[in-house]
Amino acid sequence: MSRSQKRFINQIIQIAITCGLILVLFKLSFMVTSNEKESVYSSPELRALLDQAEEKNIERLINVNKVCRKYKLGIYKDSSKALFKHPPAPQYSVFYIDRAHNISYCPLYKASSTTWLYNLCLLMNISENELNSGKEQLSTIARRVIPELEYPEADEALRKTKKLLVVRHPFERLLSAYRDKLENSVIGHEHGTLHFYQKYGAEIVRKYRGKHFVKPEADQVIRKEGIPPPAGIEPTFREFVEYLINTDLGSYGDDHWMPYYLYCTPCLVRYDIIAKVETLSRDQIYALHRLGLDKKIKPIWRHGSGFSNASSIYFKQLSRDMVEKLYEKFRLDFELFDYSAEDYYEYAAAPNGNR
């Protein structure tokens, strides 16, 4: 069976899972509105879904522990054998620690962080009207109602609360960050696109745009109708990838593209739940149930993924050699959370630039 056939079958499976989940949610909605005496979580369909999610969660936790041990990182630290630069302690300041609801969340931006910050704000009795008003960034509201904790208070709180991490395919997250923050400096001011151009984009262009610059082909970018095109000063995806490959991201990168293992330190923090964007609908229901929040907030999905084929379009700007180097830069994230880069090698151009 070819790789493309396997990919097609996996897509069909994911669609089937999603359709099955929609059916479960429909039945649950009917049960609740019909005032059925049966508890929502005694539904056989949902019970099966939660069991499946629990099994997958255990697999993910075991894999993270195995990889941390393999590379002597975090609690298995052995500086004489470590292949990766690793923080000596968690970044306590990035966590949202809600002791009242027994949850600590590390927000990996571009990996469903909007969804979970929204959920946390609802738990803190912030109204949906305020959250949807657009007057403040969601992260600003969340940080106001869940202030940072400093060591040693933060360390104790992390140990006592259940810890949640949501990850996404590393390449998908990088592309999403690029498209949202760097591709177009003249739109999305609420997302700080001009700020990101001034802080990162201008320097990336100055450093990585050659004298014989050629714009990406039409089939290597996505442009939306009715939205002003980029001003032409912004970095291309290829230039952004060159920047990532050649930058010490732990010291000079942005939170939106810092590697997972440096930002949320899964080799130092023993997470209770590792969810994935690729199975978010199932994993979010599982997380709410596991955290005991299923009666307090409903599953909410914020900011859809948009074009499902974006990677196959943008990775055409890259050579296979660049994709391999990018993979090496984020290899630990790939291994920790069991992701593969194989499809992206196929999307890329050949080493000489021809497909």
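It should be emphasised that the depicted structure is a prediction, and the values quoted were computed from it without experimental measurement.
- The two residues Ala287 and Ile273 make their nearest non-hydrogen contact at CA-CD1, 4.0 Å.
- In summary, the aromatic rings of His86 and Tyr71 are positioned with their centroids too far apart to meet the 6.0 Å limit.
- Annotation: Tyr243 is not in aromatic contact with Tyr208 [ring centroid separation under 6.0 Å not met].
- In this structure, a donor-acceptor pair under 3.5 Å is present between the side chains of Glu45 and Ser43.
- Aromatic ring centres of Tyr347 and Tyr314 lie farther apart than the 6.0 Å criterion allows.
- Pairing each heavy atom of Ile222 with each of Glu183, the nearest pair is O-OE2, 4.3 Å.
- Checking Ser311 against Glu172 by side-chain atom types alone, a donor-acceptor pair falls below 3.5 Å.
- Annotation: side chain of Asn119 is not in contact with side chain of Tyr105 (no heavy-atom distance under 4.5 Å).
- Under the 4.0 Å criterion applied to side-chain N and carboxylate O atoms, Glu278 and Lys56 are not assigned as salt-bridge partners.
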Please step through side chain to side chain donor-acceptor pair (under 3.5 Å) for the pair Tyr286 and Gln52, ending with a clear verdict.
-> CA-CA 9 Å; Tyr286 167 74; Gln52 180 191 56; over 6 Å; no
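- With respect to Arg99 and Glu156, no salt bridge is recorded, no charged nitrogen being found less than 4.0 Å from a carboxylate O.
- Remark: of the listed residues Ile103, Leu149, Leu117, Leu117 is the sole one forming a side chain to side chain contact (heavy atoms under 4.5 Å, CB included) with Tyr96.
- Scanning both residues, Lys160 and Asn102, for their nearest heavy atoms gives O-OD1, 3.2 Å.
- For the salt bridge (Lys or Arg N to Asp or Glu O under 4.0 Å) test with Asp283, the passing option among Arg60, Arg290, Lys276 is Arg60; the others fail.
- A centroid separation of less than 6.0 Å is found between the aromatic rings of Phe171 and Phe334.
- No continuous path of hydrophobic side-chain contacts links Val205 to Val186 [ILVMFWY only; heavy atoms under 4.5 Å].
- Ion pair Asp254/Lys181 not flagged as a salt bridge, since none of the NZ, NE, NH1 or NH2 atoms sits closer than 4.0 Å to an Asp/Glu carboxylate oxygen.
- The existence of a salt bridge linking Glu203 and Arg206 is confirmed by a sub-4.0 Å separation between a basic side-chain nitrogen and an acidic carboxylate oxygen.
- For Tyr252, the OH atom is loosely surrounded, since the number of other residues' heavy atoms within 6.0 Å does not exceed 12.
- Between His169 and Tyr344, the gap from one ring centroid to the other is short of 6.0 Å.
- In summary, the side chains of Tyr271 and Asn57 do not present any donor paired with an acceptor at a separation below 3.5 Å, with no hydrogens or angles considered.
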